[in-house]
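Notes follow the structure.
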Amino acid sequence: MKWLVSGARAGDHLFLHYSGHGSQTEDTDGDELDGKDEALVPVDFRQGGMISDDDLRRILVQDLPKDCRLTVILDCCHSGTALDLPYRVIASEAGLDVKKKPSHKLPRPAAGEVVLLSG
């Protein structure tokens, strides 16, 4: 995934799609309300481990430059907060429900624009 964002600059629009397994693991840094990190389970997870939401944020989001957009689609279980973004929007027939992570649980803001679609 590092190759996707390395060299990213203002005006770039990056796209990542993952369909596969997702899971949860113990939150080791205290940033999760439920005490669990979300994680992707790649085919080689027995050798390389799962990829936690903390790792996804560090690799894909944290150093994204200003005016660069990243769109991520995750088709796996436990993917709704997989990038540790500050807002979560849940769409239903009743409308939109917008939830903001409490300020003491927020990671450092990203300079770039990030959209995560999960299901």
Side-chain angles (χ1 to χ4, degrees):
M1 286 182 288
K2 292 176 185 175
W3 64 266
L4 179 62
V5 294
S6 68
R9 354 181 261 257
D12 287 349
H13 191 148
L14 312 173
F15 180 82
L16 175 70
H17 174 260
Y18 172 83
S19 287
H21 293 289
S23 187
Q24 292 180 312
T25 185
E26 181 182 348
D27 175 26
T28 58
D29 63 2
D31 68 332
E32 300 293 341
L33 295 174
D34 63 359
K36 297 176 184 174
D37 278 325
E38 290 66 43
L40 302 183
V41 184
V43 70
D44 64 348
F45 81 96
R46 287 193 174 99
Q47 293 79 31
M50 295 188 286
I51 305 169
S52 75
D53 55 1
D54 296 335
D55 292 333
L56 290 169
R57 181 172 183 81
R58 182 180 46 75
I59 294 167
L60 295 172
V61 176
Q62 191 168 301
D63 296 324
L64 207 59
K66 183 176 168 52
D67 296 324
C68 180
R69 172 172 270 200
L70 170 65
T71 301
V72 178
I73 297 177
L74 298 177
D75 176 21
C76 59
C77 294
H78 309 291
S79 61
T81 59
L83 296 178
D84 282 339
L85 299 175
Y87 291 94
R88 182 176 179 197
V89 179
I90 301 169
S92 69
E93 290 181 18
L96 297 177
D97 182 24
V98 179
K99 298 189 183 293
K100 183 175 182 185
K101 205 170 194 179
S103 59
H104 68 285
K105 299 282 187 181
L106 286 174
R108 180 182 66 137
E113 299 174 29
V114 181
V115 175
L116 168 64
L117 303 172
S118 71

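Along the sequence shown, the residues carry numbers beginning at 1.
At least one donor-acceptor pair closer than 3.5 Å links the side chain of Asp27 to the backbone N or O of Asp31.
Note that the CG atom of Leu85 and the CG atom of Leu116 stand 6.0 Å from one another [nearest 0.5 Å]. Distance check, rounded to the nearest 0.5 Å: CG of Asp12 to CZ of Arg69 gives 13.0 Å. Rounding to the nearest 0.5 Å gives a distance of 5.0 Å between CG of Asp37 and CD of Glu32. Rounded to the nearest 0.5 Å, atoms OG (Ser118) and CZ (Arg88) are 7.0 Å apart. Note that the OG1 atom of Thr71 and the CZ atom of Phe15 stand 7.0 Å from one another [nearest 0.5 Å]. Here OG1 of Thr81 is found 8.0 Å from CD of Gln24. Values are rounded to the nearest 0.5 Å.
Side-chain contact between Leu56 and Asp84: absent, with no pair of heavy atoms (C-beta onward) separated by less than 4.5 Å. Using a 4.5 Å heavy-atom cutoff, the side chains of Ser92 and Asp97 are not in contact.
Minimum heavy-atom separation, Gly22 to His78: O-CD2, 3.9 Å. Summarising the geometry of Cys76 relative to Gly20, their closest heavy-atom pair is CB-O, 3.1 Å, with the distance given to 0.1 Å. Among all heavy-atom pairs drawn from Ala82 and Glu38, the shortest one is CA-CB, 4.4 Å. Nearest heavy-atom pair, Leu70 versus Leu60, reported as atom, atom and distance to 0.1 Å: CD2-O, 3.8 Å.
Following chains of ILVMFWY side-chain contacts shorter than 4.5 Å, one can reach Ile73 starting from Val115, so the two form part of one hydrophobic cluster. Note on Leu74 and Val41: separate hydrophobic clusters, where clusters join Ile, Leu, Val, Met, Phe, Trp and Tyr whose side-chain heavy atoms are under 4.5 Å apart, directly or indirectly. Residues Leu4 and Val61 share a single hydrophobic cluster, defined by chaining ILVMFWY side chains whose heavy atoms lie under 4.5 Å apart. Under a hydrophobic-cluster definition in which Ile, Leu, Val, Met, Phe, Trp and Tyr are linked whenever side-chain heavy atoms come within less than 4.5 Å, directly or via other members, Met1 and Leu64 are assigned to the same cluster. Follow the hydrophobic side-chain contacts under 4.5 Å out from Met50 and you never reach Tyr18; the two are in separate clusters.
Salt bridge Asp54/Arg57: absent, no basic N to carboxylate O contact under 4.0 Å. Between Arg108 and Asp63 there is a salt bridge, since at least one side-chain N of the basic residue sits less than 4.0 Å from a carboxylate O of the acidic one.
Lys101 NZ: more than 12 foreign heavy atoms inside a 6.0 Å radius.
A donor-acceptor pair shorter than 3.5 Å cannot be found between the side chains of His21 and Ser23.
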